[in-house]
Amino acid sequence: MITGVIMVILAVDLSEGGIIFTVISQLFTGFGIGLAQPTTGAIALQQAKSGEEGEISTSPLLINAFSPGLSIGIGGALIGVSQLLNLG
């Protein structure tokens, strides 16, 4: 996942072929998310004590629902600040 994000940052500097490089970077990012998402839930449930499975299974669900909203909010705020300060 980190490789895909780094590739997208590098794609901004490319004058030609940036779109193709960006698409490839998103494939890397999606592959990383696909590997991480089911693995974290399985590990959490594997470590749960008997009778605590329900509580443990809700924690990853809450994080999965909360994290995208938080990251979108922070990203939007950064874009707003960059526009306000004319940083491009």
Backbone of Ile24 reached by a side-chain donor or acceptor of Gln26 within 3.5 Å:
no
What heavy-atom pair brings Ser25 and Met7 nearest, and what distance separates the two atoms?
CB-CB, 3.3 Å
For residues 70-81, please give each side-chain donor-acceptor pair under 3.5 Å, one per line with the distance, not counting sequence neighbours.
unit_1, atom_1, unit_2, atom_2, d
Ser71, OG, Ser67, O, 3.2
Ser71, OG, Pro68, O, 3.0

Nearest heavy-atom pair of Thr22 and Val8: which atoms, and what distance?
CG2-CG2, 3.9 Å
Kindly compute the distance separating CD (Glu55) from NZ (Lys49), expressed to the nearest 0.5 Å.
10.5 Å
Under the side-chain contact (heavy atoms from CB on, under 4.5 Å) criterion, do Phe28 and Met1 qualify, and how do the steps go?
CA-CA 6 Å; Phe28 273 97; Met1 206 167 78; over 6 Å; no
Mind checking side chain to side chain contact (heavy atoms under 4.5 Å, CB included) for Leu10 and listing every partner two or more places apart, or none if nothing turns up?
Ile6, Phe21
